[in-house]
There are 2 protein chains.
Amino acid sequence: MTTTDRVKVALVEDDRRMREAFRVLIDGSPGFACVAAYGSLEEALHVPAREAPDVVLLDIKLPGMWGSEGVDLVLKRFPGSTVLMLTAFEDETRIIESLCKGASGYILKDTPPARLLEYIREATSGGAPMSPEIARKVVTLFSTFALPQRLDCQMKPQETRLLALLADGYGYQGAAEEMGVSINTVRSHVRSIYEKLQVHSQSEAVTKALRAGLI
Amino acid sequence: MTTTDRVKVALVEDDRRMREAFRVLIDGSPGFACVAAYGSLEEALHVPAREAPDVVLLDIKLPGMWGSEGVDLVLKRFPGSTVLMLTAFEDETRIIESLCKGASGYILKDTPPARLLEYIREATSGGAPMSPEIARKVVTLFSTFALPQRLDCQMKPQETRLLALLADGYGYQGAAEEMGVSINTVRSHVRSIYEKLQVHSQSEAVTKALRAGLI
DNA sequence: GACCGGTTAGCATGTTCATGCGAGGCACCC
DNA sequence: GGGTGCCTCGCATGAACATGCTAACCGGTC
């Protein structure tokens, strides 16, 4: 079995013993290969892009830049890779930070080896493996955000879509193309949006819409 | 083994055959007991509270009130229970709705029986079981939807103030008067704001600023 | 059939914005 | 003194926007 048949895993973990333990586990498991192991994020980011791993196991707490801060950098360097946070503690802030920056999963270090490999496998096949404790935290976080009270300015589908496009910086012409209609139609819709929101400019409309959770 | 030793599962699913299949599966598995099965949410909510199940498997699409809409009602009626959405499709809106209303997990119906039971077990022990596809969706949502991601665009006081004025619908002239400067100064500030936020229009700037929590 | 809301479309006008360029005053610090 | 940041101000031009008016098409409803 060559390296290309196996899931290429990179490891970023500052504790040497822990690092070696994981490396041994991964390399010793059929179907997995630990292609790299670093003690810091800075080191890991200097790897040639062609050696991109399939999965990066990233510790949260690292000397220098923390793992949770650098997820986006890792993904920028290895665009095709999947990042899994592998950490000992469950700090809500770090969980959010990691996920917001593009991590695909969040696994606790005390996960049994077999389970860990299963998680890595799941990550490569489009899943988002999370230790149960973490999963529950994420879900709970969701419910604390609650449903933003959307005021009843009954926007029509087209209008909402247009509003979103404008918010994202599209001009009339661009939005028109995106929606497959003429620029005059866009004007019409903008008009009715303004009436409903009682505003007279894009910025104000976008502000109201965002604050009302319409988009 | 008495009922109390087993995980008490209630089922809300409109398709009769599907319902029976699940019931048989659950009742036929050691450690699990299907204590109730309903075809609609309205029926389920009429059950005496003392017969509260440990886990409620709730279909999204139901005649009458949809499962995703009624999660909070179920939890209100059975405060100690855990709700798992068990559904055939993965509609982003419904996922969000369900989780926001307190569901603990979200499982696709095509999950293998053994896996399903595992998920139910996981739910009772504080986890948040989700089918991989769903988990990934949730994680992705996190990074796009509800993130208080503040980018480090160190705005200067004047710029922040101006941004707020623009968001509130002021034009350049109005903002200038409000800030006690000339309209040209406003232009200058707008320029540097655009550079920092990497945008090219008011709407886009306002959107980014709002989403980043700058204003 | 008649009516209505939603969608589409067009045109015209004046206003505002985005962005190019340049520049003076002030505070702070090496 | 010279460098650096921040705030200020000016002008000009082409592009985009706000808003006025009008009107065809279509799926429902009364």
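Note on naming: letters A, B, ... go to the chains in the order of the sequence lines (proteins, then strands), and numbering restarts at 1 for each one.
- Put simply, CG on B/L162 is 16 Å from P on D/dC6, counting in whole angstrom units.
- B/L117 has its side chain within reach of B/L25: a pair of non-hydrogen atoms, C-beta onward, lies under 4.5 Å apart.
- Nucleotide D/dT8 holds its P atom 10 Å from the CD atom of B/E159, rounded to whole Å.
- Taking all atoms of both residues into account, the shortest heavy-atom contact from B/S131 to B/Y119 is CA-OH, 3.9 Å.
- When the shell of 6.0 Å around OH of A/Y170 is examined, it contains 12 or fewer heavy atoms from other residues, nucleotides or ligands.
- Minimum interatomic distance between A/V71 and A/G102 (heavy atoms only, all atoms of both residues): CG1-C, 3.8 Å.
- Remark: B/E97 engages B/R94 in a salt bridge, criterion side-chain N to carboxylate O under 4.0 Å.
- The shortest distance between the side-chain N/O atoms of B/Q158 and the OP1/OP2 oxygens of D/dC6 is not below 4.0 Å.
- For the segment residues 179-191 of chain A, residues with any heavy atom less than 4.0 angstrom from an atom of DNA chain D are, sorted by number, A/R187, A/R191.
- When DNA chain C is scanned in the 5' to 3' direction for atoms under 4.0 Å from non-hydrogen atoms of chain A, the outermost contacting nucleotides are C/dG6 to C/dC11.
- A straight line from NE2 of B/H200 to P of D/dA16 spans 13 Å, rounded to a whole angstrom.
- When atom types are taken as modelled, the side chain of B/D27 and the backbone of B/C34 share a donor-acceptor pair closer than 3.5 angstrom.
- For the side chain to side chain contact (heavy atoms under 4.5 Å, CB included) with A/L84, the qualifying choice from A/V56, A/V9, A/L57 is A/L57, the only one to do so.
- Between B/S192 and the options B/Q158, B/K156, B/E159, a side chain to side chain donor-acceptor pair (under 3.5 Å) holds for only B/E159.
- For B/K101 (side chain) and B/E69 (main-chain N/O), a donor-acceptor pair under 3.5 Å exists by modelled atom type.
- A pairwise comparison of heavy atoms in B/T160 and B/M155 identifies OG1-CB, 3.4 Å as the closest pair.
- The residue from B/I183, B/T185, B/N184 that alone fulfils the side chain to side chain contact (heavy atoms under 4.5 Å, CB included) condition with B/V181 is B/T185.
- Taking atom NZ of B/K156 as the reference point, atom P of D/dT4 lies 16 Å away to the nearest angstrom.
- Within residues 164-176 of chain A, the residues having any heavy atom under 4.0 Å from DNA chain D are, by residue number, A/G171, A/Y172.
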